[in-house]
2 protein chains.
Amino acid sequence: MQDVARLAGVSTITVSRVLRQPEKVKPETRDRVQAAVQALGYVPDLIAGSLSSRESRQVAAIVSTLAGSIFASTVEGLAQTLREQGHQLLLGTSEYSAASEEQLIATALSRRPDGLVLTSGDHTPRARRMLADAGIPVVEVWDIPEAPFDMAAGFSNVEAGRAITQFLVETGRRRIGFIGGQHEGDQRGRLRHQGYATALKEAGLGEPRSIADSTIVSMVERGARNLAMLMDRWPDTDAIFCASDSVALGALSEARRRGIAVPERLAVAGFGDFEFAGDFGLGLTTVRIPGRAMGAAAGRLILDRKRGAPGMVKIVDLGFEIVRRGSA
Amino acid sequence: MQDVARLAGVSTITVSRVLRQPEKVKPETRDRVQAAVQALGYVPDLIAGSLSSRESRQVAAIVSTLAGSIFASTVEGLAQTLREQGHQLLLGTSEYSAASEEQLIATALSRRPDGLVLTSGDHTPRARRMLADAGIPVVEVWDIPEAPFDMAAGFSNVEAGRAITQFLVETGRRRIGFIGGQHEGDQRGRLRHQGYATALKEAGLGEPRSIADSTIVSMVERGARNLAMLMDRWPDTDAIFCASDSVALGALSEARRRGIAVPERLAVAGFGDFEFAGDFGLGLTTVRIPGRAMGAAAGRLILDRKRGAPGMVKIVDLGFEIVRRGSA
DNA sequence: TTGAAAGCGTTACCAG
DNA sequence: CTGGTAACGCTTTCAA
């Protein structure tokens, strides 16, 4: 920066101003400085800048995985929104890691991000304390928590599970099963299951028929195995709601293998509307989730807060949508 | 840090040492400092640390998109490898953005990352200069460039295109088409096409039959449209190689629509082995790409270099694999 | 509209 | 094994 300043015949602070608030510098001076920046190929050091200005122009996000098209679009929406407003994304994934969310949060915070995006869920007291101490905007995505830590951008998993189950009821199904969620660590799957159970009760359709054997690694295989178990136990089942589209895909394979006609004898509904849900065979009936929009909204919430926008909304409910295709 | 030092009755530099090189501090002192860190809930400031130590323990990656399961696993593999070795990922996506790769590189470099991961391709002279000036390890992924900028972790797209085409030839196909790649901006698709054309020539099978209408947004739709165009123009085509699995998925739909039997009358091969390639209908014959491994290798190359590992490998060829399923 | 000086919180370097 | 002091490269005052 000193080199640039020298070449332009100004002081370093003027160079800084040209870069950060060009309008505060006289056009001639500005041009001279910009020429010097170009000539020297100067790249500012944001680390030094951040230390000095106490803002990092960086937002951290922690997701469990990018695989399976689940959080990928959310991360993408977030990254794009941040970039458009001059911020960068610091990404942490927790998959296959013994490191607790707590640990990941601590690591992220040590970079002094201007905000943090998390998937909603239970956070430990220690995690909550760290977040509070950091004093930065925090957005939980992929659900509307009952007691949000700070802000949230998501949809109601309970309502979504209830809605798709009601949809199955409306299409004449009476013996509806559930597979593939509600295991430990899948809080959102559990919420969907809760919605499913509620809908059953409201329709007077008896007890839930749920299988959630999580000993199988792949979601698709899990879907196949779980459907098999469910049909063995409740052979007259006429519809299933799967906790995710990949589980539904596995269930469809298993149904084909067993010669169970879909949707005639068994309706299959998924969850997520993943990229190819409409592009194989009869198409998967599912619940569309605003993945990308949640990321974008999370970015906006953080940046608005940072700007000190007045009358801030804290919870953004982006809803969901039932997409009917051939499988149910 | 001063608070911690005071509470532990040591100087700040000792606190720093306990955190970064615990073995250099006497156990008793160390315990006292660690207790103080706990008591105060101290979170070190990596920004200040980076400024001082001139290493950021952060690696930047720039990919075009996380959608479509293309780069997601690579990013995940990278993030995991970095995390395991105490580094963090700074992620930039270029999608839908007018900002050039150049701009993204400049932004990433301003954080002084310890390394940079890029998808291979043409980089502008200015970009190359910035990379050179930064003096950090750079890894190109998703191809083995002829003239790598620095290091590379990938596979040969040309060879992969050649191999799958040869496979189709070996299974008795003689009039083999290509759809969905080779348009502007898809350098790797072009390389696969080149391999395809080479294989045709080697087998004496005449001129390429290629369609690459890139005016359609979705890859799946593009596959459908392109297959339609190809079959209209060369009705006797008996096999196609699709530049990606999503294109292949679209082609399969279109074939179904037209009553073209797959694989009897038309063999369909994809590229990528995306997550669900084996899970719909007859299963997609495709080329499996080591997505996650490329990310992990890229991380290792950068961290090894940083450590000054001797006799460094600069190019890691992770190969590819033909996966035969029902479609070809 | 521009500049001088004083940090930002940490680590490198060199002593003790 | 521990500590003092001086950076690291920039931005924030506060003045001119």
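Computed from a prediction, not measured in an experiment: that's the story for all the values here. Every chain is numbered from 1 and lettered A, B, ... according to where its sequence line falls, protein lines coming before strand lines.
Taking for each of Leu51(B) and Lys26(B) the nucleotide of DNA chain D with the nearest heavy atom, the 5'-most of the two is the partner of Lys26(B). The nearest heavy atom of DNA chain D to Arg112(B) and to Lys24(B) marks one nucleotide each, and the one closer to the 5' end goes with Lys24(B).
Summarising the geometry, the separation between CG on Asp3(A) and C1' on dC10(D) is reported as 14 Å, rounded to the nearest angstrom. Atom CD1 of Ile47(B) is separated from atom C1' of dC8(C) by 10 Å (rounded to the nearest Å). Atom CD of Gln21(B) and atom P of dT2(D) are 13 Å apart (whole Å). Arg6(A) has its CZ atom 13 Å from the P atom of dG9(D), to the nearest Å. Put simply, CG on Leu19(B) is 7 Å from P on dT11(C), counting in whole angstrom units. Regarding Asp45(A), its CG atom lies at a distance of 8 Å from the C1' atom of dC8(D), rounded to whole Å. Between Arg57(B) atom CZ and dT10(C) atom P the separation is 12 Å, expressed in whole Å. Protein atom CG of Asp31(B) is 16 Å distant from nucleotide atom C1' of dT2(D), rounded to whole Å.
Taking side-chain N and O atoms only, Thr14(B) has a distance below 4.0 Å to OP1 or OP2 of dG3(D). OP1 or OP2 of dG3(C) has at least one side-chain nitrogen or oxygen of Ser11(A) nearer than 4.0 Å. Side-chain nitrogen and oxygen atoms of Ser16(A) include at least one within less than 4.0 Å of the OP1 or OP2 phosphate oxygen of dT11(D). Within the structure, a side-chain polar atom (N or O) of Arg54(A) is placed less than 4.0 Å from OP1 or OP2 of dG9(C). Under 4.0 angstrom from either OP1 or OP2 of dC8(C) there lies no side-chain N or O belonging to Ser53(A). Here Tyr42(B) reaches the OP1 or OP2 of dT10(C): one of its side-chain N or O atoms lies under 4.0 Å away.
Closest to the side chain of Met1(A), from the set dT2(D), dG9(C), dT11(D), is dT11(D). Side-chain proximity of Arg17(A) to the nucleotides dG3(C), dG7(C), dC8(D) is greatest for dG3(C). Listed nucleotides dT10(C), dT12(D), dG3(D) differ in distance to Ile13(A); the shortest reach to its side chain belongs to dT12(D).
Here CD of Glu101(B) is found 10.0 Å from OG of Ser64(B). Values are rounded to the nearest 0.5 Å. Taking CZ of Arg307(A) as the reference point, atom CG of Leu303(A) lies at 6.0 Å (rounded to 0.5 Å). In this structure, the separation between CD1 on Ile47(A) and CG on Leu51(B) is 7.5 Å, given to the nearest 0.5 Å.
The closest donor-acceptor contact from the side chain of Ser50(B) to the backbone of Leu46(B) lies under 3.5 Å.
Residue Arg20(A) is classed as a sugar-phosphate contact, given heavy-atom separations below 4.0 Å to backbone atoms only. Residue Thr29(B) is in sugar-phosphate contact alone, with no base atom involved, counting any heavy-atom pair closer than 4.0 Å across all strands shown.
Not a single donor-acceptor contact under 3.5 angstrom links the side-chain atoms of Thr12(A) to the base of dG3(C).
Of the listed residues (Glu55(A), Arg57(A), Gln58(A), Lys306(A)), just one forms a side chain to side chain donor-acceptor pair (under 3.5 Å) with His87(A), and that residue is Lys306(A).
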Does Asp45(A) form a salt bridge (charged side-chain N to carboxylate O under 4.0 Å, His left out) with Arg111(B)? I'd like the steps, not just the answer.
CA-CA 6 Å; Asp45(A) 185 332; Arg111(B) 296 261 173 220; over 6 Å; no
